[in-house]
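Order of listing sets the numbers, starting from 1, for every ligand and every atom in it. For the single chain, residues carry numbers from 1 onward in sequence order. Values below: all heavy atoms of this structure, side chains included; hydrogens, waters and symmetry mates excluded.
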Amino acid sequence: LLRSLLNKKAPIQLGRVCYSSSSVPTTKLFIDGKFVESNTSEWLDIHNPATNEVVGRVPKATQEEMLAAADSCSRAFQSWSETSILSRQQIFLRYQQLIKDNIKELAKMITLEQGKTLADAEGDVFRGLQVVEHSCSITSLMLGETLPSITKDMDTYTYRMPIGVCAGIAPFNFPAMIPLWMFPIGMVCGNTYLMKPSERVPGCTMLLAKMLQDSGAPDGTLNIIHGQHAAVNFICDHPAIKAISFVGSNQAGEYIYERGSKNGKRVQSNMGAKNHGVVMPDANKENTINQLVGAAFGAAGQRCMALSTAIFVGESREWLPELVERSKSLRVNAGDQPGADVGPLISPEAKTRVESLIQSGVEEGAKLLLDGRHVNVKGYENGNFVGPTILGNVTTDMTCYKEEIFGPVLVVLEADSLDEAISLINNNPYGNGTAIFTTNGATARKYTHEVDVGQIGVNVPIPVPLPMFSFTGSRGSFRGDTNFYGKQGIQFYTQIKTVTSQWKAEDATVTSPAVTMPT
Ligand code: NAD
């Protein structure tokens with residue numbers, strides 16, 4: 001079935017259906033267990049970023065359709081929340097296997113709509129799959145606490161209970177991983193889920209929904225709507241929705257956090273970043289250069305954990321020419337081409353924005369050590385390509401330092417000491433991730449203790465925690481107080497019920513009313 005969804009020659013049955021009047025496939029809504037065509041008159045085109053050809057269309061769901069999706073979630077919650085935890089676990093055990101079996105098909109869809117290389121797209125699925133695998137441990141993760149005999153004949157225990165209908169709003173850059181940070185954990189806890197994928201890359205979520213249905217998830221437990229602002233506002237305002245998970249830009253994330261919170265919902269909002277890599281002169285040079293290049297330019301820099309800013313401390317600045325040479329060796333090409341290292345940016349607007357940020361650096365006094373503008377990708381002249389770019393002599397007042405570039409651009413600063421580097425990073429508003437490259441344990445320890453960033457790598461360029469931990473971006477990169485996945489994810493999607501119970505022996509009956517607080 002999945003193969004037929006992706007094989008252009010075969011009639012497409014579910015996530016995307018060919019209209020007879022148009023050769024462009026349309027993305028369906030997933031409402032109450034059915035993949036249905038939207039009645040909307042408003043559609044958005046989905047482009048292949050390597051060619052800018054239209055490869056699909058996605059509807060802006062109507063108010064009626066969004067209400068139907070939310071109602072379906074509300075109805076399904078009644079029985080899903082009562083379904084045994086072992087049954088829910090079984091569904092997710094089947095789900096993880098189905099994702100594993102179809103990883104290549106999912107990756108193809110990601111490369112088609114998002115542009116990243118096929119190998120990187122498989123990584124995107126794999127990191128989401130790990131979250132699904134972890135959710136299969138729900139029988140341990142959802143355990144409550146007990147304390148017997150808090151006083152005579154009295155015991156206290158807690159249950160972790162689902163909270164109701166939850167919703168997820170996802171960005172374009174990880175079409176598999178980020179939706180998989182959301183609905184599997186929410187659902188395995190007993191909640192039902194309303195998902196709004198990024199309107200630029202909806203295909204992968206549709207395939208994932210079909211696989212979840214095939215794994216046995218009952219109708220209505222997952223619903224999918226598409227759209228932009230109206231869909232986001234719907235989620236922020238609908239009274240049945242109790243919690244919102246958002247990942248994306250600060251502009252959207254802060255808005256959703258505020259609007260959702262005002263409406264009494266839990267909101268967790270993972271947002272933008274400016275991640276610094278500190279290079280100490282005692283670091284292993286070969287490892288460090290390779291890791292910097294991979295983490296700055298992989299996925300064309302469109303990762304919230306991309307290492308987009310390097311700080312060379314002391315004489316490590318002498319490694320810059322080698323960094324430039326190594327970066328030149330990366331092959332810029334369409335993501336489905338063999339040997340491609342750096343794929344296209346998501347849209348022509350993103351390309352223009354990244355190029356203008358490079359130009360702003362030049363005009364504000366940075367040194368253009370490697371210029372990836374005007375890169376020529378044979379056969380893909382219409383694609384949104386920017387090659388690896390390095391700006392040296394960057395200072396903290398420059399626009400290219402202050403803004404998240406979200407492209408294959410590494411900005412390089414220099415510092416005379418570790419203290420100077422730490423102070424520079426702590427003065428940056430973002431706190432998503434950072435890395436230090438050093439062979440000195442004391443340096444690494446000082447750094448991890450003093451740097452005010454939520455996720456730190458020591459000789460690890462992109463320290464995204466595995467799902468038994470949580471994704472702990474901080475400061476300007478996060479709003480809310482409970483993080484994604486891991487223990488924090490379970491906490492986000494559950495509420496605690498505390499039971500205090502007294503069972504007295506028959507001969508210990510309460511003989512008079514207690515009107516004072518027990519002491
Ligand atoms: P985006 O904010 O443009 O879109 C994310 C979602 O919000 C989409 O579903 C979109 O429809 C919706 N949206 C967009 N603009 C909106 C607005 N003004 N009001 C309400 N809703 C809106 O983000 P993107 O471009 O898809 O993703 C890139 C951003 O996401 C980068 O800033 C990146 O750092 C961030 N990101 C963060 C993390 C993290 O975990 N911290 C992970 C991945 C991406």
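- In summary, the side chains of E65 and T62 do present a donor paired with an acceptor at a separation below 3.5 Å, with no hydrogens or angles considered.
- Residue contacts with ligand 1 for A231 are absent, since no atom lies close enough (heavy atoms, distance under 4.0 Å).
- Checking atom 2 (O) of ligand 1 against the protein gives a heavy-atom contact under 4.0 Å.
- Using a 4.0 Å heavy-atom cutoff, F484 is absent from the residues neighbouring ligand 1.
- Residues S245 and Q268 bring a donor and an acceptor atom of their side chains to less than 3.5 Å of each other.
- Within the 4.0 Å heavy-atom cutoff, A170 counts among the residues contacting ligand 1.
- Side-chain atoms of T434 and Y447 include a donor-acceptor pair closer than 3.5 Å.
- Between the choices F478, Y430, F406, F471, the shortest heavy-atom distance to atom 28 (C) of ligand 1 belongs to F406.
- Within the 4.0 Å heavy-atom criterion, the part of N432 lying near ligand 1 is the side chain and not the backbone.
- Atom 4 (O) of ligand 1 has P171 CA, 4.5 Å as its closest protein atom, hydrogens excluded (heavy atom only).
- Donor-acceptor pairing under 3.5 Å is recorded for the side chains of R373 and Q359.
- Ion pairing between a basic and an acidic side chain is recognised when a charged N comes within 4.0 Å of a carboxylate O; E403 and R353 show such pairing.
- At least one heavy atom of I178 sits less than 4.0 Å from an atom of ligand 1.
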